[in-house]
Structure formats: C-alpha cells, structure tokens
Amino acid sequence: MKERLKAILSKFEREERPRIRLRRGDKLPLMMVIACIITAAATYMVLSGTAAYAKKLVALRAVMPESSDFTFETSYEPATTKRNILLSLTNGEALCRAHVLTFDEDKHTLDIIDIPPETLISCGGFEGTLSEAYKTEVYEEIVSMALSLHLDGTMSTDVETVANCINILGGVKLTLDKELKIGENILYKGERTVLGSVAKIILSDSQAYIEGATDRITAYHNLLGSLISTLKEKGAVEWVSLTLNLIVNKVETDLTVSEIIELINLLSETQTKSINIDLITIENSK
C-alpha cells in the first residue's frame, strides 16, 4: 500500500501542476481540490490506524481501576461549532510538545492550549506525567478525561518533520525581544526568517517548561503562530501539495479524509489575529 502511495506521489510530482484561481469564499471548489490532493494520503493513514483499534480498547481497560464505582462513559456535549484536536510533537520517541487546538467554525478563531510534557495527571486509574501517558495506547482518552474536554481527533509527528516543513515553506518570520540561550545555542534578538535548523532548536526545547524559562516558551509560541500564519499566506492548495510527502510518511492521525479536509478549511478561514496560545502551568510536576 505504502509503495503504491509513493508511486502516486512520484507521478504527481513529475506532472505539471495546473494553476488554480479561487475566489474568496468559494469553499466548494477549494474542498474539491484539496480532496483530490490528499485523499490517497489520508486514506492510507486512516487504514493504517484501524488495525490498532482493538489494542487500544484492551489498553483502555488495563488502566481502568477495578473499583465498581467507576465507569468510563463519555457524557460530553461538545459545541457543534467547535473542533478540538490533540496535536503532539515528539523528539526521538519521547513526547516533546502537546497541544489542544480548538477551531471555532462560527467565529473563525483558533485557541491553542500548550500542555507541558511533565504535567502530572491523575484520572481514570492513570497516575503519571503526560509523557508517560503518551506511551500508552489510551493517550487520547487520558488527555480527554484530564481536561474534561471532548477531543474530535489526534495528530502526531516529530520536531524533525515540522522543521522540514518550515524549510519547504521557505522559512517563517520570527522576532525575538531578547537573546536566548537554548542548550549550547545562542539565538540573538531581532527579526529574522527562521529555517528548519534554527526552528528545530526552538521546537525541541521541552526543557524550557521544567526550567520555567518563559522567554523560551514565548519564542516557541511565536514560532508556532508564525508557522500557522505562513500556511494561511501560502494557501491551502499550495501548502498541502508542498508538504504531501511529509503528511503521508511522517504524520499519524485517526482523522478521516473528510475531517482532514474540514480542518484544512477551518485553518484557511481562521483569522490570524484571533489565534490565542495559552500555557498550562506545571507547578506540581515531577
């Protein structure tokens, strides 16, 4: 399946891409074009995730307490105008960044909760950090219970992939109000276009949460906001086609094809000035 997908992608890259003009608000053609571009990729990801579903149910029972006074029943009544997506970034095999992205369809806003990996969680029979929860088969359920928030889907990738994405896009703009020292690396203050190598330094800096380095956390939030703005400026059709190979090979998701298309449309309609990023504190972390 994967080899066939790569063959399709190779053929797509060799062919000359037609220029497509879309009017503002012309949503249906946009959805059709994006569907044509990503259907093969999304279908592959959905099929590859189906086999793990039975294992996930078994693992969910494993973390549940034996006490008869506890039952895991979702009683959420999510707002129909919102979509909550759990986005996780890894560095190696360890969780590096975790976020809940909330898209509001009516207000065209995006709220992002940044959850430090060492945040302590105690719910549903699980006791440990978010990083430890990530290693289980029921990571999504644990986060959902901990935040008392319905999640519409999950996406996971690594910092290397995001850095490569930034390179493909030609870099993103970043302004630093002060000099930053991240490990052995020094990033000087000022405005610049950041490429993948520098972006990876900021993306992989999960130590900033433990050290309470708010300036480094803010730099990451600015980088994330700038990446989202760059995607909007490129346009959905262009950035999806540019990053299609990464989407197929480096992104894991349980979203269906139609849900992925819907998210791309929501991102396209999101007002850049209405993107809020909030940090959950980890005062009680290990």
Side-chain angles (χ1 to χ4, degrees), residues 49 52-79 82-104 110-159 162 202-218 220-221 224 251-255 259 276-286:
Y53 183 69
K55 284 179 60 181
K56 192 172 184 180
L57 292 179
V58 172
L60 179 59
R61 295 190 184 98
V63 300
M64 291 302 162
E66 296 181 357
S67 172
S68 60
D69 62 358
F70 181 91
T71 56
F72 180 71
E73 296 180 358
T74 54
S75 58
Y76 304 110
E77 296 181 0
K82 292 187 177 182
R83 295 290 180 271
N84 299 312
I85 306 299
L86 176 60
L87 172 63
S88 305
L89 299 183
T90 59
N91 190 8
E93 296 183 356
L95 181 67
C96 183
R97 310 269 187 182
H99 324 73
V100 173
L101 283 63
T102 300
F103 294 88
D104 192 305
L110 171 59
D111 294 317
I112 302 175
I113 300 175
D114 183 7
I115 314 171
E118 296 308 304
T119 301
L120 283 174
I121 296 176
S122 176
C123 66
F126 176 83
E127 298 280 347
T129 65
L130 187 66
S131 294
E132 292 167 339
Y134 181 76
K135 297 176 183 178
T136 72
E137 295 290 335
V138 286
Y139 170 59
E140 178 182 356
E141 286 78 5
I142 291 172
V143 174
S144 179
M145 285 188 288
L147 297 178
S148 297
L149 184 69
H150 172 78
L151 296 174
D152 296 286
T154 66
M155 301 186 75
S156 179
T157 189
D158 54 37
V159 295
V162 179
I202 300 174
L203 288 164
S204 59
D205 183 26
S206 59
Q207 189 68 20
Y209 299 113
I210 298 174
E211 297 176 3
T214 56
D215 52 351
R216 285 151 52 189
I217 296 172
T218 298
Y220 167 68
H221 289 174
L224 180 59
V251 177
E252 297 179 4
T253 184
D254 59 2
L255 297 171
E259 288 170 337
N276 302 307
I277 305 177
D278 296 313
L279 174 70
I280 290 182
T281 58
I282 56 171
E283 294 177 357
N284 296 319
S285 64
K286 286 184 176 179

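Quantities reported herein were computed from a predicted structural model and do not represent experimental measurements.
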Are [X] and [Y] close enough that some pair of their side-chain heavy atoms sits under 4.5 Å apart?
X	Y	result
Gln207	Arg216	yes
Thr129	Ile121	no
Leu95	Ser88	yes
Leu89	Val162	yes
Ile115	Val100	yes
Thr157	Glu252	no

Set out, in order, the CA-CA distance, both residues' side-chain angles and the distance that settles side-chain contact (heavy atoms from CB on, under 4.5 Å) for Glu141 and Val143, then state yes or no. CA-CA 6 Å; Glu141 286 78 5; Val143 174; over 6 Å; no
Return the minimal non-hydrogen interatomic distance between [X] and [Y], and the atom names on each side.
X	Y	value
Leu279	Pro116	CD1-CG, 3.9 Å
Pro117	Cys96	CG-O, 3.1 Å
Gly153	Leu255	CA-CD2, 3.7 Å
Thr90	Tyr134	CG2-OH, 3.2 Å

Please check if atom CD in Glu211 has more than 12 non-hydrogen atoms from other residues, nucleotides or ligands closer than 6.0 Å. yes
Do [X] and [Y] pair up side chain to side chain, a donor and an acceptor below 3.5 Å, judged on atom types alone?
X	Y	answer
Glu127	Ser122	yes
Thr102	Asn84	yes
Asp114	Tyr209	yes
Tyr139	Ser156	no

What's the spacing between [X] [atom1] and [Y] [atom2] if we round to 0.5 Å?
X	Y	atom1	atom2	answer
Thr154	Leu86	OG1	CG	6.5 Å
Ile280	Thr119	CD1	OG1	6.5 Å
Ile112	Leu101	CD1	CG	4.5 Å
Glu259	Ile85	CD	CD1	7.5 Å
His99	Leu224	NE2	CG	5.5 Å
Phe126	Met145	CZ	CE	9.5 Å

I'd like to know if the side chain of Ser144 and the backbone of Glu140 have a donor-acceptor N/O pair within less than 3.5 Å. no
Non-neighbouring partners of Arg97 that pass salt bridge (Lys or Arg N to Asp or Glu O under 4.0 Å), sequence neighbours left out: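 For Arg97 there are no salt bridge (Lys or Arg N to Asp or Glu O under 4.0 Å) partners, ignoring immediate neighbours.
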Go through Ile142 and Thr136 one step at a time and tell me if the side-chain contact (heavy atoms from CB on, under 4.5 Å) criterion holds. CA-CA 9 Å; Ile142 291 172; Thr136 72; 3.8 Å; yes
